[in-house]
Amino acid sequence: MKPNFDLSGKVALVTGATHGLGMAMAKALASYGATLVVNGHTPSKMEAALAEYEKVGIIAHPFLFNVTDALTVDQAIGRIEREIGPIDILVNNAGMIQRTPALEMDPADFRKILDVDLVSPFIMSQRVAQSMINRKSGGKIINICSMMSELGRNTVSAYAAAKGGLKMLTRNLATEWAKYNIQVNGIGPGYFATEQTAPIRVDGHPFNEFIINRTPAARWGNPEDLGGAAVFLASSASDFINGQILYVDGGILATIGKPVGE
Ligand code: GCO
Ligand code: CA
């Protein structure tokens with residue numbers, strides 16, 4: 001039997017899919033037949049995103065809402081279910097980073113990052129899973145983790161704490177909901193060329209060279225590099241995979257790195 005990667009007839013909701021990695025994964029899911037629901041929270045970004053999806057022949061259903069508020073999420077998912085259909089695939093991609101040394105980090109900012117990067121995937125997953133359980137459909141939840149689910153780095157204390165937490169949330173939800181045929185997995189992107197990394201990717205920035213040297217593939221990832229992992233974990237080809245984090249990192253986590261110039 002051929003493994004089945006087809007997503008037709010499935011409704012996929014990708015949070016923060018107005019740009020960057022979220023958009024690349026959303027395009028991949030739609031290209032395998034999923035009906036695409038795009039979440040964002042900035043009207044102008046959503047407008048630009050819809051034009052971008054249209055350009056590649058994808059009909060995206062836009063839903064603007066804040067993923068950190070449980071009541072808002074409850075209402076928005078209800079509306080998506082009525083207007084588009086019950087959600088089969090949830091990609092918790094919306095996230096936020098702040099690069100500030102730990103000693104200078106305002107605890108209120110720390111809390112805010114945790115809220116967006118860790119609490120909101122919990123809120124979204126809880127709401128969507130409850131509905132999958134009620135209709136006995138099973139389903140797929142994919143949490144977008146990070147290199148920082150495994151490694152620390154100067155200036156990203158809150159982000160690393162949240163992404164490490166998201167890895168464990170993934171394992172925990174996988175444990176609790178496996179009996180409902182819900183698979184909860186994560187994707188851990190390495191260093192990708194997106195808006196989020198633009199400030200540390202500029203030519204001449206020491207971080208740019210550091211990443212190229214640190215990555216066995218010797219390059220930044222392109223957002224399209226994530227498509228295969230997203231389709232795989234969203235499809236029935238991965239039905240016996242649960243609680244895993246699939247790192248798409250050009251080999252970074254496999255190695256200690258190498259001296260400059262080698
Ligand atoms: C940083 C980066 C990272 C990446 C990514 C790595 O400042 O180190 O922005 O956090 O975006 O999450 O996997
Ligand atoms: Ca359906």
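Quantities reported herein were computed from a predicted structural model and do not represent experimental measurements.
- Panel note: side chain T15, backbone N93; a donor-acceptor pair is recorded below 3.5 Å.
- Contact of the V38 side chain with the F63 side chain is not registered, since no non-hydrogen atoms from C-beta on lie closer than 4.5 Å.
- Dense packing is recorded around CZ of F5, with more than 12 heavy atoms of other residues, nucleotides or ligands lying under 6.0 Å away.
- N208 and W220 share a donor-acceptor pair across their side chains, judged by distance under 3.5 Å alone.
- Residues R219 and D225 are paired through a salt bridge, judged by an N-O separation under 4.0 Å between the basic side chain and the carboxylate.
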Do L226 and F192 pass the side chain to side chain contact (heavy atoms under 4.5 Å, CB included) test, and can you show the C-alpha distance, the side-chain angles, and the key distance before you say yes or no? CA-CA 10 Å; L226 276 185; F192 276 73; 3.8 Å; yes
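- Closest non-hydrogen pair, G16 versus A94, comes out as N-CB, 3.9 Å.
- Between the side chains of K140 and S235, no donor N or O sits under 3.5 Å from an acceptor N or O.
- A salt bridge links E52 with K27: at least one charged nitrogen is closer than 4.0 Å to a carboxylate oxygen.
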Would you check, one step at a time, whether the test side chain to side chain contact (heavy atoms under 4.5 Å, CB included) holds for M147 with R153? CA-CA 10 Å; M147 290 280 81; R153 164 168 125 64; over 6 Å; no
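- Within a 6.0 Å radius of NZ in K258, more than 12 heavy atoms belonging to other residues, nucleotides or ligands are found.
- To the nearest 0.5 Å, the span separating OG on S149 from CD1 on I187 amounts to 12.0 Å.
- Looking only at atom types and distance, the side chain of T194 has no donor-acceptor partner in the side chain of Q196 under 3.5 Å away.
- Taking both residues in full, the closest heavy atoms of V91 and L29 are given as CG2-CD1, 4.0 Å, listed atom of the first, atom of the second, then distance.
- Annotation: N4, atom CG; neighbour count of heavy atoms from other residues, nucleotides and ligands within 6.0 Å is above 12.
- The existence of a salt bridge linking K163 and E150 is excluded, since no basic side-chain nitrogen approaches an acidic carboxylate oxygen closer than 4.0 Å.
- For the pair A17 and Y53, the tightest heavy-atom approach, listed with the atom from each and the gap, is O-OH, 2.7 Å.
- Remark: the S238 side chain and the Q183 side chain contain no N/O donor-acceptor pair separated by less than 3.5 Å.
- Around CZ of R111, the count of heavy atoms belonging to other residues, nucleotides or ligands within 6.0 Å does not exceed 12.
- Of the charged side-chain nitrogens involved, at least one lies within less than 4.0 Å of a carboxylate oxygen, so that R135 and D88 count as a salt-bridged pair.
- Side-chain polar atoms of S125 and N92 form a donor-acceptor pair below 3.5 angstrom.
- Between Y191 and D249, the closest side-chain pair of non-hydrogen atoms is not below 4.5 Å.
- Remark: Y32 OH is loosely packed, at most 12 non-hydrogen atoms of other residues, nucleotides or ligands lying under 6.0 Å away.
- Contact record, C145 with I245: SG-CD1, 3.9 Å, taken as the closest heavy-atom pair.
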Evaluate side chain to side chain contact (heavy atoms under 4.5 Å, CB included) for N143 paired with N185, printing each intermediate quantity in order. CA-CA 6 Å; N143 292 324; N185 289 291; over 6 Å; no
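- Ionic pairing of R171 and E176 is not present here: no N-O contact between side-chain nitrogen and carboxylate oxygen is shorter than 4.0 angstrom.
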For a side chain to side chain donor-acceptor pair (under 3.5 Å) check, start with the C-alpha distance between E209 and N213, then their side-chain angles and the critical distance, and finish with the verdict. CA-CA 6 Å; E209 267 181 55; N213 181 258; over 6 Å; no
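- A centroid separation of 6.0 Å or more is found between the aromatic rings of F110 and Y159.
- At a threshold of 4.5 Å between non-hydrogen side-chain atoms, the residues V14 and I142 do not count as touching.
- In terms of heavy atoms, S146 sits closest to Y247 at O-CE2, 3.5 Å.
- In H41, the NE2 atom is not crowded: 12 or fewer heavy atoms of neighbouring residues, nucleotides or ligands sit closer than 6.0 Å.
- For A160 against L151, the heavy-atom pair with the smallest separation is CB-O, 4.4 Å.
- Of the N and O atoms on the side chains of T72 and N66, not one donor lies less than 3.5 Å from an acceptor on the other residue.
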So L13 and I77, side chain to side chain contact (heavy atoms under 4.5 Å, CB included) or not? Walk me through it. CA-CA 10 Å; L13 165 60; I77 302 296; 3.7 Å; yes
